[in-house]
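Below: one structure, written as structure tokens.
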Amino acid sequence: MPWSRIKPDTNEPDFSNDVLLDNKAGRRIAYAEALNEALFQALSLDPRVFVMGQGVDDPSGMFGATRGLHLKFGADRVFDTPLAETALSGVAVGAALGGMRPVYFHNRPDFLLLAMDQLVNHAAKWHYMFGGAACVPLVFWACVGRGWGSAAQHSQALQGLFMHVPGLKLIMPATCFDAKGLMLSAIADKNPVLIIDHRMNFKQRGLVPEEPYTVPIGKGVIRRKGRDVTVVAISHLVAEAYAAAQELAEEGIEAEIIDPRTLRPLDEELILESVARTGRLVVTDTGWKTGGVTAEIGAMVAEKGFASLKAPIVRVCNPDLPTPSGYTLERAYYIGKDDIKAGIVKAVRGS
Amino acid sequence: MPWSRIKPDTNEPDFSNDVLLDNKAGRRIAYAEALNEALFQALSLDPRVFVMGQGVDDPSGMFGATRGLHLKFGADRVFDTPLAETALSGVAVGAALGGMRPVYFHNRPDFLLLAMDQLVNHAAKWHYMFGGAACVPLVFWACVGRGWGSAAQHSQALQGLFMHVPGLKLIMPATCFDAKGLMLSAIADKNPVLIIDHRMNFKQRGLVPEEPYTVPIGKGVIRRKGRDVTVVAISHLVAEAYAAAQELAEEGIEAEIIDPRTLRPLDEELILESVARTGRLVVTDTGWKTGGVTAEIGAMVAEKGFASLKAPIVRVCNPDLPTPSGYTLERAYYIGKDDIKAGIVKAVRGS
Amino acid sequence: MPLTTKARLQLFRTMLRIRRVQERIESEYMKDEMKTPVHLYIGQEAIASGVCSSLRDDDAINSNHRSHGHYLAKGGDLNAMMAELFCKSTGCSRGYGGSMHLVDVAHGNMGTSAIVGGGIPIATGQGLAFQMQKLDRVSAVFFGDGAADEGTLYESVNFAMLKQLPVVYVMENNGWAVCSPTATRHCGDNVFHKGAGDRLFTAKIDGNDPELVFDTAEKAVAHARSGQGPAFIECVTYRILGHAGCLQQDPKGYRDPAEIELWRERCPVCTYQRKLLELGVLSHSLLTELEAVISAEIDAAFEFARTSPLPTADVLHNHLFCE
Amino acid sequence: MPLTTKARLQLFRTMLRIRRVQERIESEYMKDEMKTPVHLYIGQEAIASGVCSSLRDDDAINSNHRSHGHYLAKGGDLNAMMAELFCKSTGCSRGYGGSMHLVDVAHGNMGTSAIVGGGIPIATGQGLAFQMQKLDRVSAVFFGDGAADEGTLYESVNFAMLKQLPVVYVMENNGWAVCSPTATRHCGDNVFHKGAGDRLFTAKIDGNDPELVFDTAEKAVAHARSGQGPAFIECVTYRILGHAGCLQQDPKGYRDPAEIELWRERCPVCTYQRKLLELGVLSHSLLTELEAVISAEIDAAFEFARTSPLPTADVLHNHLFCE
Ligand SMILES: Cc1ncc(C[n+]2csc(CCOP(=O)(O)OP(=O)(O)O)c2C)c(N)n1
Ligand SMILES: Cc1ncc(C[n+]2csc(CCOP(=O)(O)OP(=O)(O)O)c2C)c(N)n1
Ligand SMILES: [Mg+2]
Ligand SMILES: [Mg+2]
């Protein structure tokens with residue numbers, strides 16, 4: 001598929017990534033490789049870990065993320081599944097209850113809609129519903145399939161749905177470093193964790209230490225310091241927001257870019273502290289606007305950080321429409337650097 | 001089941017319901033009867049309308065809403081279904097495409113999680129995905145099953161999920177008048193509409209005209225005028241908010257109560273106009289807080305009505321937890337009049 | 001192979017105990033002390049009792065909204081169950097779950113879902129976990145004819161057959177899902193009976209005959225445990241009381257009274273009792289003793305439940321996540 | 001009953017046309033003008049052609065991601081399809097849908113879902129609508145062996161059997177779902193073959209034999225149209241090219257080249273062409289003419305698509321709701 005042409009290989013921006021600085025130096029590898037390395041290490045280190053999903057043993061290996069794992073760990077621990085997302089999600093829940101640590105690759109978030117009953121009615125509630133008697137350590141993974149006419153059913157960024165579900169942890173990494181570290185954290189977590197990746201991230205390259213490490217779930221990071229406005233950006237939009245901020249610096253606007261990395265639990269403190277300094281908030285997300293991630297972050301600040309706010313919050317999202325397929329419509333549909341720039345300017349200058 | 005004991009028969013408060021005032025006088029009937037009458041009339045007036053769902057021909061008739069319909073209209077037009085929510089939701093989509101007007105009673109929102117693929121990937125996208133070539137007029141219905149130990153899987157108020165979905169209309173009536181008028185509007189609509197009712201409403205009695213009428217989808221209503229604070233309340237919380245406001249009037253706080261009736265499309269104008277007058281916003285919803293309905297309404301006001309806001313927005317919701325089953329825990333879990341009162345006081349006095 | 005006297009008495013005791021517990025719940029339900037929806041198992045006791053008798057302590061079961069019988073037959077603690085129904089913090093789920101969400105980790109009951117069909121894939125996954133860990137444990141799952149409407153059954157059985165998982169699917173066909181008879185929901189016999197015969201141990205049996213259930217289950221469990229793959233047992237039975245709550249709360253008129261009468265006569269507990277008395281396995285004095293022991297146990301459990309503390313608001317936020 | 005010469009030629013023409021369209025798409029795909037994922041139907045032409053020949057114009061079809069063949073066989077406009085692949089506003093879905101979401105209301109193709117298994121219940125519902133309106137229309141649905149993994153199939157077929165709906169389920173078993181062979185996903189033959197025989201017209205046939213497909217479909221359609229209920233036809237076939245895109249984009253190494261070779265020899269278009277030539281139904285001159293007509297038609301369709309206008313940003317918000 002020519003998906004790959006929608007975003008060529010690039011290096012990540014040189015974020016001021018305090019997490020990485022504390023660590024040993026990394027090699028520059030691709031996002032998919034970082035994920036693959038995390039899975040490789042998790043499978044090596046913990047015999048309870050296994051990887052399942054339609055196509056995980058394909059030659060393409062889930063855009064590279066699962067490539068080669070079945071050859072190393074065998075078909076018992078890395079296996080293809082029938083196209084039966086509803087029940088197989090329950091199988092993952094059951095396997096977790098039976099002592100295993102399943103990692104279920106769901107390909108695209110669109111298909112997770114078939115897994116909602118097991119994810120929301122079962123996995124997310126199990127620990128609470130039994131007063132703590134049992135737990136469901138599992139990882140669900142999906143990758144937003146934007147681009148190349150993927151259209152309405154193959155490109156949805158559905159984090160706005162999942163962010164609403166208590167009992168579920170929701171992760172959306174933006175860097176290669178986090179892709180690996182958060183995958184390892186998710187697998188180590190005793191609770192259901194959903195990781196939503198984005199195809200636009202898959203070909204970027206960033207610094208990743210070789211040894212296994214974890215990135216804490218629930219901790220965001222400031223990717224760029226700035227005094228004028230706080231920009232909370234999700235997933236691949238962190239890079240877009242960063243580029244927007246670099247350009248705006250020339251116009252004298254200094255935007256602070258926050259990458260929450262985890263949407264649930266959300267690092268509210270980090271966001272509120274930043275807004276306390278800047279007085280302005282832009283939130284940008286790869287999903288729909290209404291009732292989505294930007295709604296929660298915006299409302300949270302209007303509730304807990306109102307006193308610092310000097311201007312209306314600004315939300316920069318894809319429009320509230322199914323994704324159209326044609327490229328001219330796609331172009332009109334998807335937001336990027338320029339939309340974020342406009343949003344920042346609006347937050348700072350009022351229009 | 002002793003569900004019924006959780007809320008005894010009551011009359012609706014005497015809302016300043018401008019809609020009803022324009023209409024002929026009504027009789028005082030129960031909410032379930034109003035719904036039943038709407039279905040009865042829709043089935044009589046339009047041969048394309050039919051009612052399906054697990055238990056619609058039960059003696060209990062879906063808490064009364066569908067009672068007796070099958071006797072009048074026959075098993076062809078009012079029929080029980082297998083417990084197969086995933087496919088049967090697609091059957092409803094197909095029936096709509098085939099020229100019918102299905103009304104699918106899903107009992108509880110919890111079970112809609114099995115229908116997400118058809119609802120979100122199919123029904124909501126069909127018209128747009130084909131550039132307008134086909135449309136899917138259908139009504140899905142579910143009733144929040146709060147109370148009496150319904151616990152985590154039988155009591156969810158999931159409107160926070162559905163409000164995020166473009167292409168879907170989402171209705172949550174609060175009065176008997178609206179229950180009937182919005183059901184008739186939903187059935188007449190050419191698009192997929194989801195109605196989420198609440199069991200706490202089912203035994204209330206209100207004025208309902210006998211003849212068929214519609215209530216416009218997307219139009220909210222002010223249930224009580226007030227100068228000090230705008231309270232947007234959803235579903236059965238409209239009555240709770242109203243009671244809270246009446247009590248607070250004695251303390252000199254005049255709250256304006258808005259019942260949006262439709263969550264999608266949302267009557268943003270009505271809310272913004274009110275906030276422009278009051279400068280303060282409380283939003284209260286029967287669902288979870290994070291990423292839910294109050295997030296969207298709060299963020300929308302912080303975005304479009306920021307200039308009028310004099311104080312932090314306040315969100316009054318159930319905590320972000322699965323519903324516990326025991327009654328002491330339920331009591332701690334569910335919000336009501338007193339929580340809304342506290343929220344209003346906080347919005348007005350700052351604590 | 002006929003059962004030993006001991007095994008027969010054990011089987012009967014399990015059934016009788018479930019019956020008496022259910023009867024007591026039913027008779028006390030209108031007091032509104034148990035503020036939880038209850039789905040009574042009266043009429044279906046032979047199934048849980050027969051199947052669980054064929055399981056080891058470390059085998060898993062998975063169940064559904066009508067779970068009291070399964071929980072007890074697998075060894076669940078009666079006090080903890082009653083306390084759960086009374087919404088107490090001494091309940092098996094600490095009052096967070098209620099009647100539809102029983103749990104008993106010590107006996108392989110890892111928690112109960114009240115979403116119809118929801119437990120079937122979970123049980124399948126437990127079977128997968130046992131297979132992957134090379135344990136010789138079996139995962140059994142109880143579900144109704146209503147759950148057999150759901151696609152999760154098809155998907156799960158396909159997967160279990162594909163992977164030869166040690167899962168025993170026990171369908172309790174009691175003829176009804178709430179007020180809907182099976183005939184309005186099923187196209188005929190469940191397709192697995194005929195469709196998958198060569199890859200799946202299948203049987204359709206009288207679910208009111210405890211020895212037949214035990215016998216069939218024992219074969220199915222042996223089949224699954226030995227790595228030969230899953231088994232599917234349909235047990236034909238009847239729910240004698242209402243769908244939920246106590247009888248007077250059940251809607252009237254959806255079932256033919258004659259049908260109920262017929263099945264009351266086929267009551268598994270009475271029938272088996274009669275048989276064991278006739279065979280001399282059970283004596284009247286032993287029966288009286290049994291009844292007394294069970295009755296005392298139930299009294300004690302209700303007392304325990306009634307006097308146990310209620311969970312307080314300050315624990316509301318506990319247990320959302322496992323630390 | 002052997003087909004008339006006219007019917008045979010018609011059947012062949014349909015297959016050949018689908019083949020040539022697919023080939024042209026494949027050969028032009030790397031130019032990146034069609035910015036849409038394409039799933040080519042090469043190797044499976046006999047199925048869409050045979051089944052649709054048995055349908056009336058006002059019968060419905062429902063399809064899946066691999067829909068070009070179904071769309072064309074049912075009478076879909078080639079220009080509108082190509083324009084859709086070129087993302088143009090003259091496309092059948094005005095450029096909102098792309099290759100996976102074709103629509104042709106005039107011929108009963110009410111829109112195509114790319115969610116595997118998503119179209120099956122929708123087609124079932126269309127059958128329900130026809131039955132309720134007492135129309136003698138039939139609803140046919142094409143889906144792959146991958147879709148047969150999904151519970152929606154089980155639920156849908158159960159419902160269709162229960163209500164005796166006029167639905168013809170056509171499973172195109174091409175042996176693969178992306179890179180997963182059927183054997184890693186199915187427990188054996190689809191359970192409907194044996195399981196539901198008495199309530200469901202079922203057949204498992206060579207899907208590369210267009211006359212056999214037509215013949216079986218005609219019987220199935222007659223069965224459904226006459227109110228005798230649904231039918232299930234499994235057509236065994238093969239996807240000769242890659243899962244998506246053109247061949248050079250298909251991952252290497254997941255299929256045995258010998259397997260592909262074997263099926264290339266069993267190519268339904270070439271085999272049927274050879275047969276018709278041998279039987280004298282088709283002459284070489286007629287074939288040349290047919291090829292020329294089709295080729296010209298394809299040229300025109302590509303030209304139409306290339307020169308059609310692109311949708312502009314101002315229509316982005318149209319069509320969310322039907323007014
Ligand atoms: C997915 C889902 N749909 C509907 C319900 C409501 N419901 C609870 S029990 C029940 C009937 C189940 O019938 P069956 O599986 O035969 O079990 P039985 O009650 O007869 O023991 C229904 C419809 C539910 N809990 N879950
Ligand atoms: C529910 C769902 N899961 C996964 C996918 C991704 N996917 C698209 S086509 C396909 C393979 C389908 O195989 P099959 O039904 O046999 O059709 P074929 O491609 O062989 O024609 C998959 C897995 C999807 N579109 N929908
Ligand atoms: Mg039943
Ligand atoms: Mg296939």
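Lettering follows sequence order; numbering is per chain, from 1. Everything numeric in this text was worked out from a predicted model, so none of it was measured.
Looking at C:I120, there are no atoms closer than 4.5 Å to chain A (heavy atoms on both sides), in backbone or side chain. Proximity to chain C (any heavy atom under 4.5 Å) is shown, for A:A133, by both the backbone and the side chain. When heavy atoms are compared at a cutoff of 4.5 Å, A:L168 approaches chain C solely by way of its backbone atoms N, CA, C and O. Contact annotation for C:M110: both backbone and side-chain heavy atoms come within less than 4.5 Å of a heavy atom of chain A.
The SG atom of A:C143 lies 8.5 Å from the CG atom of A:L35; values are rounded to the nearest 0.5 Å. Once rounded to the nearest 0.5 Å, the distance linking CD1 of A:I196 with CZ of A:F162 reads 6.0 Å.
Looking at C:E172 and C:F142, their side chains come closer than 4.5 Å, going by heavy atoms from C-beta outward. Two residues are said to be in side-chain contact when any heavy atoms from C-beta on lie closer than 4.5 Å; C:V157 and C:P230 fail this criterion.
Contact between C:L310 and C:F86 at its shortest, heavy atoms only, is CD2-O, 4.2 Å. When all heavy atoms of C:L128 and C:L165 are compared, the pair lying nearest together is CA-CD2, 3.8 Å.
The ring-ring contact (aromatic ring centres under 6.0 Å, His included) test applied to C:F321 returns no partner, not counting sequence neighbours. Every residue meeting the ring-ring contact (aromatic ring centres under 6.0 Å, His included) condition with A:F79, not counting sequence neighbours, appears here in chain and number order: A:F50. Every residue two or more places apart in sequence or in another chain that forms a side-chain hydrogen bond (donor to acceptor under 3.5 Å, both in side chains) with C:Q228 is listed here: C:S226.
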Put together the list of donor-acceptor pairs under 3.5 Å connecting chain C with chain A, please.
residue: C:R94; atom: NE; partner: A:G131; partner atom: O; Å: 3.0
residue: C:G97; atom: N; partner: A:M129; partner atom: O; Å: 3.4
residue: C:M110; atom: O; partner: A:W126; partner atom: NE1; Å: 2.9
residue: C:S113; atom: OG; partner: A:H122; partner atom: NE2; Å: 2.6
residue: C:G118; atom: O; partner: A:Q118; partner atom: NE2; Å: 3.1
residue: C:G125; atom: O; partner: A:A95; partner atom: N; Å: 3.4
residue: C:Q133; atom: NE2; partner: A:G98; partner atom: O; Å: 2.8
residue: C:E155; atom: OE1; partner: A:A87; partner atom: N; Å: 2.8
residue: C:L316; atom: O; partner: A:Y128; partner atom: OH; Å: 2.7
residue: C:H319; atom: O; partner: A:Y128; partner atom: N; Å: 3.2
residue: C:H319; atom: NE2; partner: A:G131; partner atom: O; Å: 3.4
residue: C:C322; atom: N; partner: A:N191; partner atom: OD1; Å: 2.7
residue: C:C322; atom: O; partner: A:N191; partner atom: ND2; Å: 2.9
residue: C:E323; atom: O; partner: A:K190; partner atom: NZ; Å: 3.0

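In this pair, C:H223 and C:F201 present their aromatic rings tilted. The plane angle is within the 30 to 60° band.
Of the residues considered (C:P121, C:C92, C:G91), C:P121 shows the highest number of contacts with chain A, using heavy-atom pairs under 4.5 Å. For the set A:P102, A:G131, A:G132, the entry with the most heavy-atom pairs within less than 4.5 Å of chain C is A:G131. In terms of heavy-atom pairs under 4.5 Å with chain C, the best-connected choice from A:A124, A:G99, A:A92, A:A84 is A:A84. Of the residues considered (C:V105, C:L135, C:I115), C:I115 shows the highest number of contacts with chain A, using heavy-atom pairs under 4.5 Å.
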